[in-house]
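Notes follow the structure.
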Amino acid sequence: MIPVYGSSVGADELREVQACLESQWLGHGTRTKTFERRFAERLGLDGFLFVDSGSNALYMAVELLALPPGSEIILPTFTWVACAQAVLLAGHRPVFCDVDLDTQNATADTIAAQITPQTKAVMVVHYAGKPVDMSPVLDLGFPVIEDAAHAVDSTIQERACGSFGDVGIYSFDPVKNLTTGGGGGVTARDPALIDRGRKLRHSGIGKSGFDAAHSENGKLARWWEYDISDVFIRMLPSDIAAAIGLAQLDRLDSLQERRRTLWKRYQQAFRDVDWIQTPAEPGSKERHSYFTYFIRVPHRDYLAHLLLDKGIYTKLDFHPLHLNGIYRSDKLLPAAEQLNQTGINIPLHPRLTDDEAQFVIDTILATQP
Ligand SMILES: Cc1ncc(COP(=O)(O)O)c(C=O)c1O
């Protein structure tokens, strides 16, 4: 079966993980710190905190805004469930907005349509790594949570996606552009929020034994003591994950080049086919991350089943939240509903071969809507 998503790991990751295992230090330690520094340098972030998942990073990001309990936070319905869960877990109310059909991103207009007197913040998601048009969103005047889970290599005017909002998050899950085998990260414009996040991430006890023993040049009189200042989930990452991340950072440019080549190949193959709606190209001042390739076709269900029969796995990301389970409502968000009927993510990842990509293209083009 050709997978729809995937990462690429190999000798470099093995070497880093082996060195980590040989050091006998598996938990949060120097490799985590090095990964945090190098990730922040690569993206040009003022501060960056490595945590154990993108979902937890979202929850921490919402908490860091310290909004009044029960605040409404507007977010796209066409996103992963963790976005809405983070809002609810932090004691707030998710309010879903529609997205743009071509970019699959929320826009200032779709967000503005949902503003009420209770609106206290906005969450945006750079779908597939296509940057959200951030200026008009920021102009709405609300604190912004920026979900850059798909957008680790995305920029607007050379500034990293994730760094425009008050808080931003990344995901390093097993199929993301940069994987740590599971992990995520938080950035914030205000360095005080990063300090606060660092304090929260170890069950709200301020500092880990590692941090304490290494602070003040190891001269802290009782490094084993800690203050329990907050109730918070443990989100500490491991140095094994950081070791994978360090190797991935070195390989990110070549991994991205492969994704870009495949994305362009699909664009070229499908652009002039009248029954396929291809994804929006990045603007002239934007860089895309090519996390996934998402098309819209009239015969989506038939196509998905046919591809599966031929050994090609596909998905629909995402099942709109306002149509799903506990988030279901009567709200009409027509673009997301159209994506739900016609959208399909086809295989795109750095291990996909040219032959596999051509097989995907030929199989799709051989169908008739
Ligand atoms: C848009 C978006 N945000 C957040 C997440 C959560 O990241 P993680 O899987 O690292 O928890 C995902 C996961 O796929 C995602 O797609």
Side-chain angles (χ1 to χ4, degrees), residues 3-7 35 39 48-64 73-90 94 96-97 99-100 103-106 121-132 134 137 144-154 161-162 164-165 167-187 197 201 233-238 240-242 244-245 248 259 279 288-294 315-322 324 327 336 339 343 345 348-349:
V4 63
Y5 300 135
S7 55
F35 177 65
F39 186 86
F48 174 70
L49 264 187
F50 186 26
V51 296
D52 57 357
S53 73
S55 305
N56 278 347
L58 274 168
Y59 169 60
M60 180 187 278
V62 177
E63 283 283 0
L64 287 176
I73 300 182
I74 300 173
L75 70 155
T77 184
F78 195 70
T79 189
W80 180 235
V81 59
C83 298
Q85 310 280 46
V87 171
L88 276 177
L89 285 168
F96 298 119
C97 70
V99 293
D100 178 78
T103 63
Q104 294 84 48
N105 282 337
V122 163
M123 184 188 288
V124 292
V125 179
H126 303 282
Y127 184 83
K130 163 82 172 97
V132 169
M134 289 304 293
V137 171
V144 172
I145 304 151
E146 203 185 339
D147 181 334
H150 301 181
V152 73
D153 198 41
S154 300
C161 288
F164 290 86
V167 282
I169 73 100
Y170 302 91
S171 163
F172 310 126
D173 83 13
V175 298
K176 288 297 188 308
N177 301 51
L178 187 160
T179 185
T180 61
V186 179
T187 188
R201 112 179 130 170
I233 294 168
R234 181 191 191 274
M235 297 187 184
L236 279 182
S238 79
I240 303 175
I244 300 172
Q248 289 268 294
R259 283 180 183 273
H288 200 301
S289 286
Y290 313 108
F291 167 63
T292 182
Y293 192 82
F294 180 83
K315 279 201 80 179
L316 165 64
D317 277 323
F318 294 99
H319 188 186
L321 292 169
H322 76 289
N324 199 332
Y327 295 107
L339 297 179
N345 302 79
L348 173 68
H349 55 82

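Atoms within a ligand are numbered from 1 in the order they appear, just like the ligands themselves.
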Under 3.5 Å side-chain donor-acceptor pair for Asn345 and Thr292: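 Yes, Thr292 and Asn345 have a side-chain donor paired with an acceptor closer than 3.5 Å.
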Hey, are the side chains of [X] and [Y] touching, using non-hydrogen atoms and a 4.5 Å cut-off?
X      : Y      : value
His150 : Lys176 : yes
Tyr59  : Ile233 : yes
Phe164 : Val124 : no
Leu49  : Arg201 : yes

Residue pairs involving residues 49-60 (criterion salt bridge (Lys or Arg N to Asp or Glu O under 4.0 Å); sequence neighbours excluded):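 Checked against salt bridge (Lys or Arg N to Asp or Glu O under 4.0 Å) - neighbours excluded - no pair reaches residues 49-60.
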Ligand 1: protein residues within heavy-atom distance under 4.0 Å: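 Within 4.0 Å of ligand 1, protein side: Ser53, Gly54, Ser55, Leu58, Thr79, Trp80, Val125, Asp147, Ala149, His150, Ser171, Asp173, Lys176, Gly183, Phe318.
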